[in-house]
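Reckoned from all heavy atoms, side chains included, excluding hydrogens, waters and symmetry mates.
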Amino acid sequence: MRTIAEIGTDRLINVLVKDKNQSPSRIINILKSEISNILSSYLELDDEIVVSLEAKKGRLFFQINATANRIKEFGQIVN
């Protein structure tokens, strides 16, 4: 069984994370744009990139899903 201090700590962490990330949808949109630009340089993307965000115990977890049809050809490395 958790103590009152542990419960209070978890609640405080959740409040601070929510405060810090007032606009998770804005963060997700920026990430989607940046990641899409990077991946598009190397891959022929099939569909829109999906980014999800979850906060647990003061940590942020991102899941990024992208589907590509193929890897684009790019320059060769010269020895």
Side-chain angles (χ1 to χ4, degrees):
M1 193 161 127
R2 296 172 51 188
T3 66
I4 292 174
E6 291 170 331
I7 294 169
T9 300
D10 286 347
R11 286 183 181 169
L12 179 59
I13 288 170
N14 286 335
V15 167
L16 291 174
V17 167
K18 286 178 185 173
D19 241 14
K20 189 175 182 181
N21 302 310
Q22 292 176 13
S23 181
S25 62
R26 182 173 177 259
I27 293 169
I28 289 173
N29 287 335
I30 292 169
L31 280 174
K32 282 169 78 170
S33 174
E34 295 289 326
I35 292 168
S36 180
N37 288 336
I38 292 168
L39 291 179
S40 293
S41 297
Y42 300 97
L43 307 169
E44 183 181 289
L45 296 175
D46 184 37
D47 203 359
E48 186 176 339
I49 293 172
V50 177
V51 178
S52 61
L53 165 66
E54 184 178 352
K56 284 185 182 178
K57 295 186 179 182
R59 299 183 79 190
L60 299 174
F61 296 88
F62 291 91
Q63 183 172 348
I64 301 163
N65 294 315
T67 304
N69 291 321
R70 67 179 183 88
I71 297 173
K72 291 181 178 179
E73 291 185 31
F74 47 95
Q76 296 179 355
I77 298 173
V78 178
N79 292 330

Measure the [atom1]-[atom2] distance between [X] and [Y] for me, rounded to the nearest 0.5 Å.
X: Glu44; Y: Asp46; atom1: CD; atom2: CG; value: 8.5 Å
X: Leu53; Y: Leu31; atom1: CG; atom2: CG; value: 8.5 Å
X: Leu39; Y: Ile49; atom1: CG; atom2: CD1; value: 5.0 Å
X: Ile35; Y: Ile30; atom1: CD1; atom2: CD1; value: 11.5 Å

State whether the number of non-hydrogen atoms from other residues, nucleotides or ligands found under 6.0 Å of [X] atom [atom1] is greater than 12.
X: Tyr42; atom1: OH; value: no
X: Arg70; atom1: CZ; value: yes
X: Glu6; atom1: CD; value: yes

Given Asp10, which partner from the list Lys57, Lys56, Arg2 fulfils the side-chain hydrogen bond (donor to acceptor under 3.5 Å, both in side chains) test?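 With Asp10 as partner, side-chain hydrogen bond (donor to acceptor under 3.5 Å, both in side chains) holds for just one option, Arg2.
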Contact check, side chains of Lys32 and Glu48, non-hydrogen atoms, under 4.5 Å: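 The answer is yes, as the side chains (C-beta and beyond) meet within the 4.5 Å cut-off.
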Side chain proximity check, Asn37 to Ser33, heavy atoms < 4.5 angstrom: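 They are in contact (side-chain heavy atoms under 4.5 Å apart), so the answer is yes.
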Please answer: with hydrophobic residues joined when any side-chain heavy atoms are less than 4.5 Å apart, are Ile13 and Ile7 in the same cluster?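 No, because Ile13 and Ile7 fall into different hydrophobic clusters, even though each may have its own neighbours under 4.5 Å.
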Cluster overlap Ile64 with Val50, hydrophobic side-chain contacts below 4.5 Å: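 They do not share one cluster, since no chain of ILVMFWY contacts under 4.5 Å joins Ile64 to Val50.
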Least distance between heavy atoms, Val51 atom then Ile28 atom: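 It is O-CG2, 3.6 Å.
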